[in-house]
Structure formats: C-alpha cells, structure tokens
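Reckoned from all heavy atoms, side chains included, excluding hydrogens, waters and symmetry mates.
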Amino acid sequence: MDEIDFWAPFLALRADDITHLNHNKVFTVDSNSTALEAFRVLAMNSIVSAPVYDSETDEYCGFIDYCDLTRYIVNIFSNEFIESNNTIPNETIFSLLNSHTVDVHVQHCRWIVVRVDTPIQEVLMVLKDQNTVAMVDDDGQILKIIARIDIINTLVFLHGLIGQTDLFEVPLSELGCEKQLYMCNWDDRFLKVLRDFYKLQVSCAIIRDRHGQYLTNVSRSDLKGLLLDIHALDKNVLDVIASVRQTDTLTYAPLIRLDEASSLREVMVCLHTTKKHHCWIFREKQPIGVISVGDLVSWFCQLFEDIK
C-alpha cells in the first residue's frame, strides 16, 4: 500500500469526525469583560482558551488563551515589566487587568471557523497557525472547539492506525525536535518565569531541582496561578504550579521524556496517553529538544502537501 492509499481514510474525514475529548460545553468570553474576568473564565473552567464574543457586532472576534496573559501584562506595563527586575505589586497587576477590557489586538488567535463538512486537511492548515478553531453550524453557532491534540487523538483512534505501518517510524530528527530549550530553577520567582516566557517566546520550560535534576515542566496553562493567587508573582515557580495542580507536582506531572532514538509513533502515543502537549527529548541524560502537538500538526500539514 502506498502513502496515498494509506492516508486516504484519514483525509476523507471531515471536521465533525475529529475525536473530541475535551469539554462538551463551550465557554465564551464577552468582549466587554475585563481582562481579569476573561482569564478567570479559563482558570475556573480548567480550559486553556475560549472564543471572544462581541455583543455590539453580534459576532465572535477571536480566541483568548493563556499565551495572551503575558501579552496583556506587557501591554499594560510596557518595557518596565520585561526589562526591569523591579517588583511589580501583585495588587497593581490585578487592578490594571480588571480595568482593561478584552483587547482583540492583543490576542494572537484569529477568529477562523470550520464547518461540519470541512475536510480535515483544511482544519489542519488552520491549526498549523493557532491552537484552536471553532466548528460552527449554518447559523454560525459554535458546535465544538477543535484543538491540535484532537487531531492527534483522531489519528491514534482511526483503525488502530499507529500500529499498522512503518510510515510512523519517522526519526525525531525529521520532526525538528532539537531546538533551544528554556530551563528554570525550582526557586525562581514566578515573575521571572513569566517575563522569560514573553522574552524568549516559549510556552513551556523544564524545572530543575536544587541538585540540577529535571523535575517537571511549567507550561502556559500553569500561568493561571497568577489569577488564583494574588501573591503568586513573589512565590517560587514550583510552589505556584503545585498549587495550580492541587497535588504533588511530580505525581501529577512528571517530566514526559523520550530518547532521541524514538519515532513519530512513540511521540504520538506518548502525547495521547499522557494527555500532555509537550514531550521532552533526551540524549543520554540531557534534554536536547522538545516536541509539541503544534510541531506534529505542522509536520502532517507538510506531509499531506507532499503526497498530493
């Protein structure tokens, strides 16, 4: 069986066929909400993004997610927040987030929709550039939110695809896993990590313990610690994420790691079974890269372009 025949069942899928394991309920944010209210919708409902609805135009205008949180804070404080090591009072951030309404210009996810019958390859192309996309009916009502991880779950479920072929035995080197890593120490202030996320344009980092061992990771969803605890900025990063996850950090989220000799199949199964969005790649005992769900989506987009 050649590649085109092998992928035909997957490429025949439509948006409504995509395996959806997240919330059935769609949570939305009104554009008249303050930034603080908007981000608390994410935090209180354990979601990482939500559509923003403009009540004046009676239309949706984009998504807001935790990646936008640092953008809002930087937008408020300008370079002072990023370049200075000065402490910014927690109360000041809360106050200003609560006085700024949701700003579509700060959001990084555009409002692009797909229909029930949109081919899955078109859905993939949208998700190459942003984390989520809304599937709507003919009246524009949101039926479900499709995330990048839903694509991976669909591939895993589809006829046991993963175990049937060596087409998934692609070496990690072809996925571009070797990239600059951001690592922080367990006792780094959460404020420093927040600044670094913005300056380095990263969405996750490895946390090291006092002996330099790799403990776990901090990711964009952990940024909700800022919204749940007014004193979070002054606490160390490990304490903040332990509070966010409400359990022992290592039990809840040990560092998801694979050897550099692993294959695409192993990465997909790992992300599917752990329900995580990042997998750290190690050479012997040292991390050399990270593969995200977004990396896999980009790789599949290119693959399907090549086999047309």
Exercise. Evaluate the side chain to side chain donor-acceptor pair (under 3.5 Å) criterion for residues Q286 and Y214: first the C-alpha distance (whole Å), next the side-chain angles of each, then the deciding distance (0.1 Å), finally the verdict.
Key: CA-CA 9 Å; Q286 296 300 316; Y214 307 112; 2.8 Å; yes
Quiz item: Step by step, would you call N131 with D65 a side chain to side chain donor-acceptor pair (under 3.5 Å)?
Solution: CA-CA 9 Å; N131 297 319; D65 72 18; 3.2 Å; yes
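Checking side-chain atoms of Q302 against main-chain N and O of W299 turns up no donor-acceptor pair under 3.5 Å. In this structure, D54 contributes its side chain and D58 its backbone to no donor-acceptor pair below 3.5 Å. Of the possible donor and acceptor atoms, one in the side chain of N153 sits under 3.5 Å from a partner among the backbone N and O of I149. Looking at S33, its side chain never comes within 3.5 Å of a backbone N or O of V29 through a donor-acceptor pair. No donor-acceptor pair closer than 3.5 Å links the side chain of D222 to the backbone N or O of V218. A donor-acceptor distance shorter than 3.5 angstrom exists from the side chain of S298 to the backbone of G294, with no hydrogens or angles considered. Side-chain atoms of R148 come within 3.5 Å of backbone N or O of L127 as a donor-acceptor pair. Side chain of D259 to main chain of A261: a donor-acceptor pair is present (N/O by atom type, distance under 3.5 Å, no hydrogens or angles).
For the atom pair CG of D137 and CG of D16, the computed distance is 11.0 Å after rounding to the nearest 0.5 Å. Here the CG-CZ distance, from N217 to R257, works out to 11.0 Å after rounding to the nearest 0.5 Å. The distance from atom CG of L264 to atom CG of D295, rounded to the nearest 0.5 Å, is 11.5 Å. From Y182, atom OH reaches atom CG of D196 across 3.5 Å, with rounding to the nearest 0.5 Å. Remark: I256 CD1 to T274 OG1 distance equals 4.5 Å, nearest 0.5 Å.
In plain terms, the two heavy atoms of W111 and A134 that are nearest each other are CH2-CB, 3.4 Å. The nearest pair of heavy atoms linking A205 to F197 is CB-CE1, 4.1 Å. The two atoms that bring P287 and I206 nearest to each other are CB-CD1, 3.8 Å, heavy atoms only. Of all the heavy atoms in L271 and H277, the pair that sits closest is CD2-C, 4.0 Å. Considering all non-hydrogen atoms of both residues, L215 and L238 come closest at CD1-CD2, 4.0 Å. The two residues G140 and Y60 have their closest heavy-atom pair at O-CE1, 4.4 Å.
At a threshold of 4.5 Å between non-hydrogen side-chain atoms, the residues L296 and M268 count as touching. Put simply, the side chain of P51 reaches to within 4.5 Å of the side chain of V26, judged on heavy atoms. Side-chain contact between I142 and Y53 is absent, with no heavy atoms from C-beta onward closer than 4.5 Å. With contacts defined as side-chain heavy-atom distances shorter than 4.5 Å, the pair W186/R208 does not qualify. The side-chain heavy atoms of I288 and F282, taken from C-beta on, include no pair separated by under 4.5 Å. A 4.5 Å side-chain heavy-atom check between F10 and L155 finds at least one atom pair inside the cut-off. Inter-residue side-chain proximity for D150 and K144 is flagged as unmet; no heavy-atom pair is nearer than 4.5 Å. Taking 4.5 Å as the limit, some side-chain heavy atom of V267 sits within range of a side-chain heavy atom of L258.
Among residues two or more places apart in sequence or in another chain, the side-chain contact (heavy atoms from CB on, under 4.5 Å) test is passed with P119 by R14, E122. For D30, the side-chain hydrogen bond (donor to acceptor under 3.5 Å, both in side chains) partners are N32, not counting sequence neighbours. Residues satisfying the side-chain contact (heavy atoms from CB on, under 4.5 Å) test with V114, not counting sequence neighbours, are A15, T118, V123, V133, M135, I146.
Atom CD of Q201 sits in a crowded spot, with more than 12 heavy atoms from other residues, nucleotides or ligands closer than 6.0 Å. For CG of D117, the number of neighbouring non-hydrogen atoms (other residues, nucleotides, ligands) closer than 6.0 Å is greater than 12.
The one candidate from D187, L194, N185, V193 that meets the side-chain contact (heavy atoms from CB on, under 4.5 Å) condition with V237 is V193.
Side-chain heavy atoms closer than 4.5 Å link hydrophobic residues (I, L, V, M, F, W, Y) into clusters, and following such links, even through other members, never connects V113 to M125. Cluster annotation: L223 and L200 are assigned to the same hydrophobic cluster (Ile/Leu/Val/Met/Phe/Trp/Tyr, side-chain heavy-atom contacts under 4.5 Å, transitive).
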